[in-house]
J.: 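Got a structure here, written out as structure tokens. Questions coming.
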Amino acid sequence: MRTSQYLLATQKEVPSDAEVISHQLMLRAGMVRKVAAGMYNWLPTGLRVLNKVAHIVRDEMNKAGAIEINMPVVQPADLWQESGRWEEYGPELLRIKDRHDRDFVLGPTHEEVVTALVSNEVNSYKQLPLNLYQIQTKFRDEVRPRFGIMRGREFIMKDAYSFHLSNECLDSTYQLMHKAYCNIFERIGLEYRPVIADSGSIGGAVSHEFHVLAESGEDDIAFSNQSDYAANVELAEAITLETSPEATQDLQSVDTGSASTIQEVCELLSIEPAKTVKTLLVKASDEVATDLVALIVRGDHSLNDIKASKHAWVASPLEFANADEVVTATGASIGCLGPVQARVPLIVDASAAACADFVCGANQNNTHYTGANWQRDVGEFEIADIREVVAGDPSPCGKGNLEIRKGIEVGHIFQLGDKYSKAMNCGVLTETGKHEVLQMGCYGIGVTRIVAAAIEQNHDKFGIIWPDAIAPFKVVIIPMNMHKSHRVKEVAESLYSALSDANIEVLFDDRKERPGVMFADMELIGVPYSIVVGERNLDNQQVEIKNRRSNEKTVIAIDEVVDTIKSY
RNA sequence: CGGUGAGUGGCGCAGCUUGGUAGCGCACUUGGUUUGGGUCCAAGGGGUCGUAGGUUCGAAUCCUAUCUCACCGACCA
């Protein structure tokens with residue numbers, strides 16, 4: 001490709017609304033342009049990268065035995081009504097009507113369509129297992145699209161769906177997909193982690209997310225410094241080793257005035273937050289007689305609402321009580337709540353339960369207790385793991401301690417079980433002639449998001465540094481003042497044809513630009529290797545090859561260029 | 001959905017307080033100059049100021065409504 005015949009579209013200035021580095025660089029490098037909130041044009045350079053990623057994904061999926069299909073972006077509402085997600089999915093599901101006033105949705109995912117398809121086409125156990133996938137546009141009407149390509153409303157996803165007669169069979173395909181995903185991210189050249197995850201609204205039991213590690217990530221991942229254990233902090237189990245020491249203080253009530261936050265109370269009493277517990281009132285489930293239940297965590301810990309909402313006593317989704325409800329239920333207002341003589345059921349986090357002589361609210365305004373102790377001062381309570389893990393916690397795997405890092409979720413795999421197949425009656429005849437509902441797995445990869453994540457992980461102050469596997473071009477020829485030197489032009493042209501003939505993706509910067517402009521542009525778009533053709537080296541029949549990542553420069557003979565580039 | 005801020009040539013911004021029909025940088029075009037790290041000079045093309053309404057002799061500027069966009073938040077007592 002010649003730059004003179006290409007749409008390079010690089011720019012010096014960044015639109016002011018681009019916050020994250022990948023968004024800024026994708027705009028400056030001429031990869032994408034915004035059309036509307038969360039929707040983008042993909043320009044030639046961006047599309048080249050996107051296609052590279054898609055190609056690797058497709059290749060590994062095929063290798064793992066998945067079969068490619070294509071399903072429509074627009075889907076009829078009745079499929080969604082059948083699965084129950086027409087009501088369940090909420091406003092992220094964009095609903096539209098056709099000219100006959102019939103309801104449709106823009107597909108955010110394709111469980112319904114694929115399940116209906118398999119239900120019609122697959123009738124015998126002999127056709128199983130089956131793993132179907134597509135690489136296709138999805139639309140999710142995000143509350144707040146942000147970070148450019150990272151969280152768009154329209155994006156490209158590889159989604160695969162597998163169908164099985166048994167859970168064992170599902171599990172073996174699941175493991176196969178797990179491995180395929182590892183292969184994909186390794187081939188692309190990203191630092192990633194598979195982590196144990198929550199299955200969220202998609203449903204199902206077993207689930208892993210694949211995260212690209214980057215500072216700008218939206219998720220926190222906890223992983224052991226001594227083993228492979230990694231989990232989304234939403235899920236990471238908190239291990240409490242401490243046991244409750246004996247009480248040494250008497251229960252005493254103190255006037256804490258207007259101090260209501262943990263921080264204020266700690267300052268007033270000159271104690272550490274770890275010596276306090278905080279009490280949060282949330283809506284109760286039907287399992288308990290009261291309207292509210294109390295969740296108690298140590299003062300320096302945070303509540304993990306996903307863990308909490310899974311507790312049988314807690315209404316799901318988690319909903320905090322408002323100020324009035326708190327006063328009605330306890331007689332005290334928010335800020336002075338505590339477990340002592342509480343009027344609602346108590347769920348106490350294990351590490352809070354391991355405290356002795358702690359400080360807590362007294363369920364009376366402007367008053368806290370010091371020297372509180374569970375066995376002596378508090379009635380019945382239940383112990384559970386409801387807090388967020390923190391760095392330094394023992395790893396649940398038993399080896400090492402947890403570290404916490406930011407990740408960008410680029411893949412997610414689930415064992416769905418029969419959630420969709422049951423709702424949509426998708427089954428086959430077994431060997432004994434009995435109709436049986438299928439077990440399903442589903443496996444997603446954010447193809448567009450991978451592009452952004454790769455940039456977050458690979459850039460410097462000059463621009464993008466693509467991993468070779470997904471670079472838009474492998475090498476760029478940068479001629480020095482070609483219009484003034486016949487020799488430079490001749491060599492550049494012949495290298496261009498030689499590299500093209502060797503099937504190497506080469507960009508030839510044949511613009512009549514000054515060297516500085518070319519260097520800056522090519523570094524910005526992140527081409528891994530540059531060949532600088534200049535008078536300087538031509539007397540020796542040589543050119544300079546520069547490595548974008550290491551910035552290393554080597555001067556080599558012109559007739560070695562093709563082989564050298566090939567070897568990279 | 002709540003809060004904050006912003007909409008002026010392709011991009012980045014100024015002008016708005018103190019109304020008098022628009023300016024700068026980048027990019028673009030032409031000529032010259034320069035040439036191994038975003039040269040310099042000159043001449044040009046392009047916007048009616050998000051939209052609608054109002055006040056006024058006169059509105060980018062004041063008022064009202066509306067749309068769009070961005071950032072923060074939507075959980076810690």
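In the text below, chain A, chain B and the rest are named by the order of the sequence lines, each starting its count at 1. On a predicted model such as this, the values are computed, not experimentally measured, just so you know.
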J.: When the nearest nucleotide of RNA chain B is assigned to A/Q11 and to A/S302 on a heavy-atom basis, which residue is associated with the more 5' position?
T.: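 Looking at the nearest nucleotide for each, A/Q11 comes out on the 5' side.
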J.: Please measure how far the C1' atom in B/rC13 lies from the corresponding atom in B/rU18, and state the result in whole Å.
T.: 23 Å
J.: Is the phosphate of B/rU39 approached by A/R514 (side-chain N or O, under 4.0 Å from OP1 or OP2)?
T.: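 For A/R514, the contact criterion (side-chain N or O under 4.0 Å from OP1 or OP2 of B/rU39) is met.
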J.: When the P atoms of B/rC63 and B/rC16 are considered, how many whole Å apart are they?
T.: 14 Å
J.: What contact category does A/R387 fall into here, base, sugar-phosphate, or nothing, at under 4.0 angstrom with non-hydrogen atoms?
T.: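 The residue A/R387 makes no contact with any strand.
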J.: B/rG36, B/rA77, B/rC69: which one has an atom nearest the side-chain heavy atoms of A/R153?
T.: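 Looking only at side-chain atoms, A/R153 lies closest to B/rC69.
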J.: Donor-acceptor pair under 3.5 Å: do we get one between A/D521's side chain and the base of B/rG38?
T.: yes
J.: A/H368 near the nucleic acid: base, sugar-phosphate alone, or nothing, with a heavy-atom cut-off under 4.0 Å?
T.: nothing
J.: Could you pick out which residue, A/P145 or A/G516, lies toward the 5' side of RNA chain B when each is mapped onto its nearest nucleotide?
T.: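 Nearest-nucleotide comparison on RNA chain B picks A/G516.
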J.: For nucleotides B/rU17 and B/rC76, find the distance between their C1' atoms and express it as a whole number of Å.
T.: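 Looking at atom C1' only, B/rU17 and B/rC76 are 43 Å apart.
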J.: Both distances under 3.5 Å, Watson-Crick or G-U wobble: on that basis, could you give the dot-bracket string for RNA chain B, with [ ] for crossing pairs and | for other-strand partners?
T.: ((((((((.[[[[.)....(..]]]].(((((.......))))).....[[[[[..)....]]]]])))))))....
J.: Is A/R2 paired with A/D509 through a side-chain N to carboxylate O contact shorter than 4.0 Å?
T.: no
J.: Check each of A/E409, A/E142, A/E19 against A/R151 using the salt bridge (Lys or Arg N to Asp or Glu O under 4.0 Å) test, and report the only one that passes.
T.: A/E142
J.: What nucleotide among B/rG37, B/rU39, B/rC76 has an atom nearest to a side-chain atom of A/F519?
T.: B/rG37
J.: Distance check needed: B/rC11 C1' versus A/L43 CG, whole Å only.
T.: 14 Å
J.: Grab the CD-P distance between A/E523 and B/rG36 for me, whole Å please.
T.: 16 Å
J.: Classify the nucleic acid contact of A/K512 as base, sugar-phosphate or nothing, counting any heavy atom under 4.0 Å across all strands shown.
T.: nothing
J.: Under 4.0 angstrom, heavy atoms only, what part of the nucleic acid is A/E535 near: base, sugar-phosphate, or nothing?
T.: nothing
J.: In whole Å, what separates the C1' atom of B/rU4 from that of B/rC62?
T.: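 Going atom to atom, C1' in each nucleotide, I get 23 Å.
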J.: Inspect the contact between A/D103 and A/K97 and indicate whether a charged nitrogen and a carboxylate oxygen are less than 4.0 angstrom apart.
T.: yes
J.: Expressed in angstrom and rounded to an integer, what is the separation of A/E92 atom CD from B/rA74 atom P?
T.: 17 Å
J.: Taking atom C1' of B/rU39 as reference, at what distance in whole Å does atom NE2 of A/H483 sit?
T.: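 Taking atom C1' of B/rU39 as the reference, NE2 of A/H483 is at 12 Å.
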J.: If you measure from the Lys or Arg side-chain nitrogens to the Asp or Glu carboxylate oxygens, is any gap between A/E544 and A/R536 under 4.0 Å?
T.: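 Salt bridge flag = no for A/R536 with A/E544.
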J.: Quote, to the nearest angstrom, the P distance that separates B/rG45 from B/rG7.
T.: 28 Å
J.: Applying a 4.0 Å non-hydrogen cut-off, can you work out what A/L27 is touching in the nucleic acid: base, sugar-phosphate, or nothing?
T.: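 Counting heavy atoms under 4.0 Å across all strands, no contact is made by A/L27.
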J.: Distance between the C1' atoms of B/rA6 and B/rU55, in whole angstroms?
T.: 25 Å
J.: With P as the reference atom in both, quote the distance from B/rU68 to B/rA14 in angstrom, rounded to an integer.
T.: 24 Å
J.: Does either side chain, that of A/Y40 or that of A/T448, offer a donor lying less than 3.5 Å from an acceptor on the other one?
T.: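 Looking only at side-chain atoms, A/T448 and A/Y40 do not form any donor-acceptor pair under 3.5 Å.
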J.: Are A/K12 and B/rG12 close enough that a side-chain N or O sits under 4.0 Å from OP1 or OP2?
T.: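 Answer is no, no contact under 4.0 Å.
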J.: Assess whether a salt bridge exists between A/D460 and A/R548, defined as any Lys/Arg side-chain N lying under 4.0 Å from an Asp/Glu carboxylate O.
T.: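 Here A/D460 pairs with A/R548 in a salt bridge, since their nearest N and O are under 4.0 Å apart.
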J.: Distance between the P atoms of B/rG2 and B/rG10, in whole angstroms?
T.: 33 Å
J.: Whether A/E523 and A/K546 form a salt bridge (side-chain N of Lys/Arg under 4.0 Å from carboxylate O of Asp/Glu) is what I want to check.
T.: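 Yes, charged N to carboxylate O under 4.0 Å.
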J.: Touch check for A/V532, heavy atoms < 4.0 angstrom, all strands: base, sugar-phosphate only, or nothing?
T.: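 Base, at least one base atom sits under 4.0 Å.
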J.: If you apply the rule side chain to side chain donor-acceptor pair (under 3.5 Å), what do you find for A/R549 with A/N458, and how did you get there?
T.: CA-CA 9 Å; A/R549 191 173 288 269; A/N458 296 281; 3.2 Å; yes
J.: Using a 4.0 Å heavy-atom cut-off across all strands, classify A/N304 as base, sugar-phosphate, or nothing.
T.: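 If one applies the 4.0 Å heavy-atom cut-off, A/N304 turns out to touch nothing in the nucleic acid.
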J.: Using a 4.0 Å heavy-atom cut-off, does A/E19 contact any base of the nucleic acid, only the sugar-phosphate backbone, or nothing at all?
T.: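 The answer is sugar-phosphate, as A/E19 gets under 4.0 Å only of primed atoms, P, OP1 or OP2.
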J.: What is the nucleic acid contact for A/A520, judged by heavy atoms within less than 4.0 Å: base, sugar-phosphate only, or nothing?
T.: base
J.: Give the rounded distance in Å between these two atoms: CE of A/M482 and P of B/rG36.
T.: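 Distance, rounded to whole Å: 16 Å.
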J.: To the nearest Å, give me how far apart CD (A/E13) and P (B/rC24) are.
T.: 16 Å
J.: Measure up the A/F381 and A/W374 rings against each other and bin them: parallel (under 30°), tilted (30 to 60°), perpendicular (over 60°).
T.: tilted
J.: Atom CD of A/Q24 to atom P of B/rC71: distance rounded to whole Å?
T.: 11 Å
J.: Side chain of A/A37 only, please: which of B/rG36, B/rC69, B/rC76 is the nearest?
T.: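 My answer, after comparing the listed nucleotides, is B/rC69.
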J.: Take the protein atom CZ of A/R146 and the nucleotide atom P of B/rC72, then report the distance between them rounded to whole Å.
T.: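 My rounded result for the distance is 6 Å.
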J.: Step through it carefully: locate the ring centre of A/F473, locate the ring centre of A/F508, and say whether they are under 6.0 Å apart.
T.: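 Between A/F473 and A/F508, the centre distance exceeds or equals 6.0 Å.
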J.: Which one, B/rG36, B/rG37, B/rC76, comes nearest to the side chain of A/K546?
T.: B/rG37
J.: Out of B/rA77, B/rC69, B/rC75, which nucleotide sits closest to the side chain of A/I262?
T.: B/rA77
